[in-house]
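Lettering follows sequence order; numbering is per chain, from 1.
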Amino acid sequence: MEIAKAYDPKEAEHSHYERWESSGFFRPEINQDPDAPKYSIVIPPPNVTGSLHMGHALQHTIMDVLTRWKRMQGYRTLWLPGTDHAGISVQRKVVEQLKKDEHKKPTDIGREEFVRRAWAWKEQYGNTITEQMRREGASVDWSRHRFTMDEDLSKAVRSVFVTLYNEGWIYKGLRIVNWCPKDKTVLSDLEVKEETKKDGKLFYLKYPVIGTDRTITVATTRPETMLGDTAVAVNPKDERYSDLIGKTIALPLTDREIPIIADEYVDAEFGTGAVKITPAHDPNDYQVGLRHDLPQLLVMNDDGTMNAAAGAEFEGIDRFKAREKVVERFEELGLLEKVDDYEITLPVCERCKTIVEPILSDQWFVKMDEMRDMALDLMRTQGAPHFSPQVPHEKVYTAWLENLKDWTISRQLWWGHQIPAWYDADGNVFVAMTDDEAREKAGGKELMQDQDVLDTWFSSGLWAFSTFGWTGSEPPASAGGQVSRTDKDSTAVALPPPHAGGSDLDIFLPTDVLVTGRDIIFLWVSRMMMLTKKFVDKKAFEDVIVTGTVLGKDGKPMSKSRNNGVDPIEMFDKFGVDATRIYLASIATGADIKWNDLLIETSRNFANKIWNATRFCLLNSEGAKVDHECLIGRSGLPLSDRWIISRLNQTAIDVNKSLAKYEFHTAVSLLYHFFWDDFCDWYIELKKDEINIGDVEATTRILTIMEIALRMLHPFMPYLTEELWLKLPGTSAEMLASAYKSADATIMLTAFPPGDASAIDAAAEGEMQSVIDLIKKVRNIRAEMNIKSSDKVSVHVAASAEMRANFMANEAQIKKLARADSIVLGDSLDVPKASAKAVLSGGAEIAVPLEGLIDFDKERERLQTQITKLDTELQRLNGQLSNANFVERAPAEKVEELRERKGELEQQIATLKLNLEALG
RNA sequence: GCCGUCUUAGCUCAGUGGUAGAGCACUCGCUUCACACGCGAUAGGUCACAAGUUCAAAUCUUGUAGACGGCACCA
């Protein structure tokens, strides 16, 4: 069979995915083994507003490698996909659209219409990322696709809310919260980031003390908040102010009088030692206010403008304008002491970068004490979840939990899960699953539902079990992905009903591993762990793989503003999906990586190498086909075959081990070197003659090894391996793993090679190493002596009888790869002076007579280089072996090993020196 | 302020208590009938610095310098 000369990824990517998907290969039901163990992963649901970025591509690759590997191992495998409703992001998109298209504000169209449009937006744009995942080759079960606002998932949300409320773990209250004046919503602590501002200012304001001619100076970075001051605090031990405690201040720009109080919170050493107290605009001041029973005066509106309480002069003015104005007025009054430059870190909204305002507000919170203890308990007693890499994540996770504060869960948005709390006219709260239920509780009174929605992470926190059909009160609707769907069921082939063993929730939870980034360990991972334990009494997942960050070429995180982003889709187009995947898998687990196109080229080249190796096998496969029987009964096989079978099995064993430890990069490296170095550079080259003459036995064996190698590569490079596997003669549905017997032919349902320890042949590897060593030494001589590749040489070898037998048996191969026309074997060398020489391990010596071709200076130099190299090592060994402490204390094997090595080195050096002297 | 990570060949990165590895780039040679996205052969590193533990340290400990991350605070 003849195939194209170079691999064209697009062709292979074209059809296979559709066939896999429509054949139901991605669904756990494809596994017909009733005793199959399960393997499950739920995807971190990407935002519906998102499109695929490198971080997704990395995480999806890892999840798909694991899923495909486990599926091939015969597990009943589920990788569950889904999307997140992304409250603020979608809300902002719809607001923008409304403004752009109709010049309207959300309030112009009302909540109901706004939510309708948000759904329409989601329907129209929300599947970008799911389509891109198909391109990635992600073997997710689309029939189980979930969206955080699906009916069942929403029911789960309400159910959890009601339960937590009834148990007193959810409460509503007035607290200082992070307020984003642009999004006009409260944010949780985790959604607030910090931005350092170097040109900040610290303003020193003088407040006149009533009944004295003194003023007291306070420093502030936010002068406008002074309009809400209700006290000035000093440290009780601070002698500078002790006589002022209890006196009253006439607060400038207002007609209010505020007390001077004493509180331990104030650090006398810092600033002026006097602090303005604004309980409604600062968390610390809020606490001070509670202790001293101070009024809480809110002076700002929800859009960051000053309100009526700030006084007529300031009402309606933006907070930053008001700041300027306050400072101006203080200056006019002669009450501005000074303004210092001051580097400050400002809290900003994670999404819109607007400066967040701490503000007193009535919000819903989850009390985290008990849940935190649950999570800590899981970690302490079971080490769950197990993080990869364990350092530093386990410690960071634990430390964060230990200092956990209550979670603000209400958001002033319309898009999301509306809080299931209703109020009567008197403000009494009724929390219930539905409005009917709430009304019933309220004795039939007219009720109004809370206008806020829940934090997006509240529903995400239930993802591990809500996706499997958990809705709270009732048992899961049914198993097997038959619960309400948001995605078209693209499964064309009817699959048998789910296996016995219960619902998806029973079968697939806990999931085996969660693959995610560092940034959402607190936001999401911890909350899933806690909420799953609380509501299903299970671990959400056993393991967590924390991926690193894919950085731009400049070494900084990819971002639109830096314009250093790399689009995975572009990489797919340029290098192929498989090349991108195996490159991403080659990054050490958890390590950050600077993006570099050159590296992905290596992977692209590897894909092409695989293609061409297969092409070569196919060109010469007349009459042969894949036949696993041909690898059995190894003892009678030629060395090269015993060797490659040994290497193949060793590789399989090591790849499985690496994957089990989540060391994907090790697995990739093993496969790369096995395939390229062992299989292509040595095995195929050694076999070329036999193959070219159409030796069916040889071609059968090479096709079979090829087939096994493709299986091992499949989880990393699904398209290429499927394309090639289907082309190999002899592959068919007959070859599928036992659990998948009824499926159509595909590499993705064959058995992943487990590796056979009994096939590892140390003798063959040793003998082969000798042959390789010999060939390399001759090649070195040829290259250094500038022998034309068309010129054949004669190779003389002096070696033990055993080694001679080995070289004799592989004479044809050695001749071919060393480009020799004869090999002369003996127990000593008998060659003319004009020969180039080298030593092999095992006491052997080789010589290549080069009458008329040898450059004696160069040969001397060559021998000297070798001597120097060996001598350096010998010196080191002598140093160690002459150290009495080493000989006494180091393990005896180690000492013996070095002694042997020393003996060999001495022998080799002596031989080389003799050769050097002989040249004169 | 607290906690933590990183520093290895020109570049991007693996690795590890017992002779330093890969890919790319570089040098030399190959239109060898699978592949120039290729083949063959070289060259290239006091593993940031210092001290300690050890028979043995690039690897463990401590400190220093530089880069970075998380958390807290920020009148």
Could A:Lys688 and A:Glu685 be called an ion pair, given the rule that one side-chain N must be under 4.0 Å from one carboxylate O? yes
Under 6.0 Å from the ring centre and within 45 degrees of the ring axis: does the NZ or CZ of A:Lys201 meet both conditions for the six-membered ring of A:Tyr342? no
If we take the P atom in both B:C6 and B:U19, what is their distance in whole Å? 23 Å
C1'-based separation of B:U32 from B:G40 [nearest Å]: 10 Å
May I ask you to say what A:Asp681 touches in the nucleic acid, namely base, sugar-phosphate or nothing, with a heavy-atom cut-off under 4.0 Å? sugar-phosphate
Side-chain donor/acceptor contact of A:Glu685 with base of B:A34 under 3.5 Å: yes
Spacing of A:Leu551 atom CG relative to B:C6 atom P, expressed in whole Å: 16 Å
Across the strands shown, which category fits A:Ile593 at heavy-atom distances under 4.0 angstrom: base, sugar-phosphate, nothing? sugar-phosphate
Regarding A:Lys574 and A:Asp597, does a basic nitrogen lie under 4.0 Å from an acidic carboxylate oxygen? yes
Classify A:Tyr7 by what it touches in the nucleic acid, base, sugar-phosphate, or nothing, heavy-atom distance under 4.0 Å. nothing
Can we say A:Glu906 and A:Lys902 salt-bridge, meaning some charged N sits less than 4.0 Å from an Asp/Glu carboxylate O? yes
When we call it a touch if two heavy atoms are under 4.0 Å apart, what does A:Ala591 touch: a base, just sugar-phosphate, or nothing? sugar-phosphate
Scan A:Ile587 against the nucleic acid and name what it touches under 4.0 Å (heavy atoms): base, sugar-phosphate only, or nothing. nothing
Would you say B:A34 has OP1 or OP2 under 4.0 Å from some side-chain N or O of A:Lys688? yes
Students often get this wrong, so: under 4.0 angstrom with heavy atoms, is A:Cys680 touching a base, only sugar-phosphate, or nothing? base
A:His673 and A:Asp678: side chain donor to acceptor below 3.5 Å: no
Could you give the CD1-to-P distance, from A:Ile344 to B:C74, as a whole number of Å? 13 Å
If I take atom CD1 in residue A:Ile216 and atom P in nucleotide B:A75, what distance separates them, rounded to the nearest angstrom? 17 Å
Nearest to the side chain of A:His665, which nucleotide is it out of B:C74, B:G18, B:A14? B:A14
Starting at the 5' end of RNA chain B and moving along, which residue's nearest nucleotide shows up first, A:Glu784 or A:Lys816? A:Lys816
To the nearest 0.5 Å, tell me how far A:Phe679 CZ sits from A:Ile684 CD1. 4.0 Å
Using a strict threshold of under 4.0 Å (side-chain N to carboxylate O), is an ion pair present between A:Asp857 and A:Arg860? yes
Phosphate-side-chain proximity, A:Lys395 and B:G4, N/O vs OP1/OP2 below 4.0 Å: yes
Checking A:Asn620 side chain against A:Phe616 main chain: does a donor-acceptor pair fall under 3.5 Å? yes
Using OP1 and OP2 only, check whether a side-chain N or O of A:Lys609 sits under 4.0 Å from B:C39. yes
Pairwise C1' distance for B:U5 and B:G44, with rounding to whole Å: 29 Å
In whole Å, measure the gap between the C1' atoms of B:U64 and B:A72 for me. 26 Å
For A:Arg819, report the nucleic acid contact type (base, sugar-phosphate, nothing); a contact means any heavy atom under 4.0 Å. base
Expressed as a whole number of angstroms, how long is the span from A:Leu817:CG to B:A41:P? 10 Å
If you check the A:Thr345 side chain, which of B:A34, B:C73, B:A41 turns out closest? B:C73
If the C1' atom of B:C13 is compared with that of B:G29, how far apart are they to the nearest Å? 29 Å
Span that lies between the P atom of B:A57 and that of B:C49, in whole angstrom: 15 Å
Closer than 4.0 angstrom, basic N to acidic O: yes or no for A:Arg901 and A:Glu897? no
Any salt bridge linking A:Lys815 with A:Asp821? Criterion: basic side-chain nitrogen under 4.0 Å from a carboxylate oxygen. no
A:Ala588 or A:Gly273: which one's nearest nucleotide on RNA chain B is closer to the 5' end? A:Ala588
At under 4.0 Å between heavy atoms, what does A:Glu888 touch on the DNA or RNA strands: base, sugar-phosphate, or nothing? nothing
Please report the interatomic distance CG(A:Asp8) to CD(A:Glu723), rounded to the nearest 0.5 Å. 9.0 Å
If we take the C1' atom in both B:G1 and B:A9, what is their distance in whole Å? 39 Å
Looking for any heavy atom pair under 4.0 Å, which part of the strands does A:Lys869 touch: base, sugar-phosphate only, or nothing? sugar-phosphate
Looking at A:Arg222 and A:Glu357, does any basic side-chain N land under 4.0 Å from a carboxylate oxygen? yes
Using modelled atom types and a 3.5 Å cut-off, is there a donor and acceptor pairing between side-chain atoms of A:Lys553 and backbone atoms of A:Asn596? no
NA contact type, A:Lys5, heavy-atom cut-off 4.0 Å: base, sugar-phosphate, or nothing? sugar-phosphate
Measure all distances between protein nitrogen or oxygen atoms and nitrogen or oxygen atoms of nucleotides 20-30 of chain B, and list the pairs falling under 3.5 Å.
| residue | atom | partner | partner atom | Å |
| --- | --- | --- | --- | --- |
| B:G23 | O2' | A:Thr602 | OG1 | 2.4 |

Say we look at B:C33 and B:C39: how far apart would their C1' atoms be, to the nearest angstrom? 14 Å
Using only side-chain N and O atoms of A:Lys894, determine if any of them is under 4.0 Å from OP1 or OP2 of B:G18. no
Rounded to the nearest Å, what distance is computed from the OH atom of residue A:Tyr583 to the C1' atom of nucleotide B:C37? 17 Å
By the 4.0 Å heavy-atom rule, please label A:Val266 as base, sugar-phosphate, or nothing. base
Any stems for RNA chain B, made of 3 or more Watson-Crick or G-U pairs in a row, each with both distances under 3.5 Å? B:1-7 with B:65-71, B:10-13 with B:21-24, B:27-30 with B:38-41, B:48-52 with B:60-64
So, is A:Thr221 near the phosphate of B:A75, with a side-chain N or O under 4.0 Å from OP1 or OP2? yes
Give one of base, sugar-phosphate or nothing for A:Glu194, where a contact means two heavy atoms less than 4.0 Å apart. base
So A:Arg604, base contact, sugar-phosphate only, or nothing? Heavy-atom distance under 4.0 Å. base
I want to check one thing: is the phosphate of B:A75, taken as OP1 and OP2, less than 4.0 Å away from some side-chain N or O of A:Asn284? no
